[in-house]
Amino acid sequence: MRWSRYFWYTSKEEPAEAQSPSHRLLLKGGFIKQVSAGIYEFTPPGLRVLRKIENIVRKEMDRSGAQEVLLSVLNPAELWKETGRWELYGRELFTLKDRNGRDYCLGPTHEEEITDLVRSYVNSYRQLPLILYQIQVKFRDEKRPRFGLIRAREFIMKDAYSFDTDEFSAMLSYETVKFAYERIFKKLRLKTLMAQASVGAIGGISSHEFVVLTDYGEARVAYCEGCGYCANAEIVSLKKPQEEQEEEKLLQEVHTPGTDTIEKLASYLGVPARKIIKAVLHIVNESKPVMFLIRGDRAVDENKVEAVLGTENFRLAEDKEVYELLKTTKGFIGPFNLPPSVEVYWDNSTYGIKNAVIAFNKPDYHYINANPGRDFKQEKFVDVCQVEEKDPCPQCGAPLKVSRGLEVGHIFLLGTRYSEPMKAFYKDAQGQEKPIIMGCYGIGISRCVSAVVEQYHDEKGIKWPTTVAPFELDIICVNPSDQEQKEVSEKLYMLAQEHGIETIYDDRDESPGFKFADADLCGFPYRLVVGKKVKEGKVELQNRHTGERIDLDIDRAVEEAKKLIEEDKK
RNA sequence: CGGGGUGUGGCUCAGGUGGCAGAGCGUCGGCUUCGGGAGCCGAAGGUCAGGGGUUCAAGUCCCCUCACCCCGACCA
């Protein structure tokens with residue numbers, strides 16, 4: 001491709017709206033263009049990257065025995081009503097009506113459609129197992145799209161679905177896709193962790209996430225370098241700690257004016273936050289008050305709260321509600337003299353604490369030296385504590401590491417969540433009708449574009465791995481008005497194409513610095529610089545990843561580049 | 001959905017106390033230059049997000065709406 005004729009425009013200015021490196025560099029490098037919040041267009045080079053990722057995914061899925069289909073984007077409401085998700089999916093579903101007033105949605109995921117497709121053809125155990133997949137656009141009306149392609153409202157996803165006769169067979173399908181995913185991310189050069197995950201809104205039995213460690217992910221992953229345990233932080237269980245060994249001191253009521261936060265209270269009393277018991281009041285289903293008590297230095301994990309309460313319909317109590325129920329204000333809530341409507345849970349972190357600071361619903365006062373058993377009762381213990389670095393690994397007890405991560409893949413063993421309500425049944429060898437056991441498996445293709453940039457960039461720009469680079473080789477003619485340089489560049493460009501190297505030839509009439517800067521920004525793994533050294537019969541081959549530069553004889557240059565590129569792609 | 005912020009040329013931004021709409025980059029024409037986003041000369045380019053209000057006069061002050069970005073809770 002000759003850059004002078006190519007639809008590719010980079011920017012010298014930093015895009016004002018972008019924060020994360022991938023968002024910033026993809027915009028600045030002219031790979032994507034924003035249309036609206038969470039909606040992006042791909043330019044020719046951006047699309048080249050996307051297609052390469054798609055093709056890697058496609059190849060590995062095919063290799064695992066999955067078969068590609070293409071489902072509809074515009075989905076009639078009827079199917080979604082069969083599974084109840086027309087209502088359950090909520091406001092994240094983009095919905096619309098046709099001219100006759102019939103309801104549709106733009107598919108955010110395709111369990112309903114694929115189940116409908118399969119049930120219309122499959123009715124015997126002889127037709128199973130089966131894995132189908134597609135690579136297609138998805139729509140989700142996200143509450144907060146952000147970081148460019150990382151969380152978009154319109155995005156490209158590879159979604160696969162498995163259909164089996166029984167759980168054992170389903171588990172095999174699950175493992176098959178899991179292995180395919182490992183190969184895919186390896187080929188994309190993405191360093192991922194595979195984390196145990198909660199099944200969430202899609203529903204199901206078992207689930208793993210493939211997570212890229214970056215600062216701009218929204219998942220928190222806890223992992224253990226000792227035993228290899230790795231899980232989404234929201235499902236890591238924290239047990240009761242050892243009982244503290246301390247002599248119980250005399251309970252005292254202390255005046256603590258204005259200490260409405262743990263920080264203020266800790267510094268006012270001169271005690272560490274871990275010696276404070278904090279109380280958090282939630283309102284469940286807009287009616288029931290529930291109090292959680294947790295150690296002062298720890299945070300409540302709302303996902304765990306959801307698991308304890310069995311509903312996502314809860315929120316923190318407002319000041320007014322706190323006053324009506326407990327006649328106190330935030331910061332002075334405690335588990336004493338409560339109205340019977342208030343349910344109390346103690347987080348495991350509060351177990352065995354000695355001489356603690358705790359509030360008792362009297363504004364501006366706390367108890368000090370409060371001790372469980374003697375001064376208050378702890379009945380129901382639960383685990384609602386947000387996992388943090390150095391917490392013990394639930395498997396081996398070694399200190400955990402915690403990182404922000406970006407979820408690029410997710411696999412679920414669904415069971416009969418969709419086949420049962422949609423009556424996707426098969427007949428077994430005995431003629432018995434049974435629901436198909438399903439699994440579903442996603443990879444965020446467009447998100448992977450960002451994930452790669454997050455892992456491969458420096459202050460100058462992107463450093464594409466050769467397997468996904470828009471072009472493998474950039475030929476720069478330093479001075480196109482120099483006849484000799486021009487001729488050599490043209491010759492090398494032709495030769496590179498003959499060798500099957502994906503080449504962009506920067507023949508633009510721009511200054512050398514301009515072209516070098518673009519090459520760094522756009523991240524081609526290899527760069528052939530045709531400059532004044534042609535007089536000595538040499539050109540320079542540069543490696544974007546290592547920064548290495550070597551002078552090569554003109555006739556050897558392309559072969560040499562080819563060798564390195566092939567090596568990278570292995 | 002809660003909290004914070006920003007909307008001025010294609011892009012990045014400046015425009016105290018109301019008084020002729022600006023710069024740099026980019027674009028177009030010309031000259032010069034060529035190993036790290038070159039230099040000089042000239043030109044085009046604006047519904048100041050939209051609507052309403054105050055005023056002799058609004059980019060600037062007030063009200064409403066919209067869009068986008070950031071922080072939190074949720075998805076690949």
Side-chain angles (χ1 to χ4, degrees), chain A residues 9-20 23 27-28 30 33-39 57 89-93 108-109 135-160 181 197-198 200-202 209-212 217-219 232 234 299-303 305-306 312 314-316 318 405-412 440-451 460-461 476-482 485-486 508-521 527 529-534 539-540 542 549:
Chain A
Y9 302 98
T10 60
S11 162
K12 196 166 154 181
E13 302 287 350
E14 290 294 330
E17 74 272 20
Q19 274 295 305
S20 68
H23 191 195
L27 283 173
K28 192 176 178 203
K33 155 97 168 62
Q34 181 171 20
V35 177
S36 176
I39 304 178
V57 171
Y89 214 92
R91 305 226 288 146
E92 216 161 275
L93 201 60
T109 174
I135 294 175
Q136 205 205 43
V137 64
K138 296 277 184 277
F139 293 88
R140 293 183 190 174
D141 198 356
E142 293 283 346
K143 284 170 213 155
R144 184 150 100 86
R146 61 171 169 167
F147 302 147
L149 303 179
I150 287 178
R151 193 188 326 175
R153 294 193 296 169
E154 175 180 332
F155 60 99
I156 309 289
M157 179 159 125
K158 187 285 306 172
D159 47 326
Y181 275 27
S198 78
I202 290 183
E209 290 169 353
F210 289 80
V211 178
V212 169
E218 59 289 273
N232 190 307
E234 71 198 39
V300 171
D301 185 324
E302 304 226 325
N303 292 296
V305 171
E306 185 180 329
E312 55 182 323
F314 62 86
R315 55 174 175 80
L316 283 176
E318 285 163 16
L406 177 58
E407 189 183 328
V408 288
H410 202 155
I411 59 180
F412 296 88
C440 74
Y441 316 89
I443 289 180
I445 302 273
S446 45
R447 178 180 279 185
C448 280
V449 176
S450 287
K460 288 180 178 170
I476 292 182
C477 182
V478 173
N479 181 3
S481 50
D482 177 305
Q485 288 186 24
K486 181 89 180 166
R508 294 175 298 177
D509 190 16
E510 296 286 354
S511 71
F514 184 97
K515 289 184 273 199
F516 288 135
D518 260 0
D520 289 333
L521 173 63
R527 178 189 322 175
V529 181
V530 182
K532 51 194 173 195
K533 278 178 273 187
V534 289
V539 289
E540 189 177 282
Q542 299 185 7
R549 302 170 177 207

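To find a chain, count down the sequence lines: A is the first, B the second, and so on, and within it residues start at 1.
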If the condition is salt bridge (charged side-chain N to carboxylate O under 4.0 Å, His left out), which residues does [X] pass it with, not counting sequence neighbours?
X	answer
A:Arg146	none
A:Glu540	A:Lys533, A:Arg549
A:Lys515	none

Could you write out each protein N or O paired with an N or O of nucleotides 70-74 of chain B at a distance under 3.5 Å?
{"from": "B:C71", "atom 1": "OP2", "to": "A:Arg144", "atom 2": "NH1", "distance (Å)": "3.4"}
{"from": "B:C71", "atom 1": "OP2", "to": "A:Arg144", "atom 2": "NH2", "distance (Å)": "2.7"}
{"from": "B:C71", "atom 1": "OP2", "to": "A:Arg146", "atom 2": "NH1", "distance (Å)": "3.2"}
{"from": "B:C71", "atom 1": "N4", "to": "A:Arg144", "atom 2": "NE", "distance (Å)": "3.3"}
{"from": "B:C74", "atom 1": "OP1", "to": "A:Asn303", "atom 2": "OD1", "distance (Å)": "2.4"}
{"from": "B:C74", "atom 1": "OP1", "to": "A:Asn303", "atom 2": "ND2", "distance (Å)": "2.9"}
{"from": "B:C74", "atom 1": "N3", "to": "A:Arg151", "atom 2": "NH1", "distance (Å)": "2.8"}
{"from": "B:C74", "atom 1": "N4", "to": "A:Arg151", "atom 2": "NH1", "distance (Å)": "3.2"}
{"from": "B:C74", "atom 1": "N4", "to": "A:Arg151", "atom 2": "NH2", "distance (Å)": "2.7"}

If a protein heavy atom is under 4.0 Å from the base, mark B; if only from the sugar-phosphate, S; if neither, -; do that for nucleotides 32-38 of chain B going 5' to 3'.
-> --BBBBS
Of all heavy-atom pairs linking A:Gln485 and A:Gly531, the shortest is NE2-C, 3.3 Å
Write down the atom of A:Ser446, the atom of A:Ile156, and the distance for their closest heavy-atom approach.
->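 Where A:Ser446 meets A:Ile156 most closely, the heavy atoms are OG-N, 2.9 Å.
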Minimum-distance nucleotide to A:Glu13 side chain [options: B:U12, B:C68, B:A76] =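 Of all the options, the side chain of A:Glu13 is nearest to B:U12.
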Classify the nucleic acid contact of A:Phe210 as base, sugar-phosphate or nothing, counting any heavy atom under 4.0 Å across all strands shown.
-> nothing
Result for 5'-nearest mapping on RNA chain B, choosing between A:Ala16 and A:Gly442, is A:Ala16
Between A:Ser446 and A:Pro15, the residue closer to the 5' end of RNA chain B by nearest nucleotide is A:Pro15
Distance check: side-chain N/O of A:Thr109 vs OP1/OP2 of B:A76, anything under 4.0 Å?
-> no
Report the distance from atom OH of A:Tyr9 to atom C1' of B:C25, rounded to the nearest whole Å.
-> 17 Å
Which dot-bracket string fits RNA chain B when only Watson-Crick or G-U wobble pairs with both atom distances under 3.5 Å count, crossing pairs get [ ], and | stands for a partner on a different strand?
-> (((((((..((((.....[..)))).(((((.......))))).....(((((..]....))))))))))))....
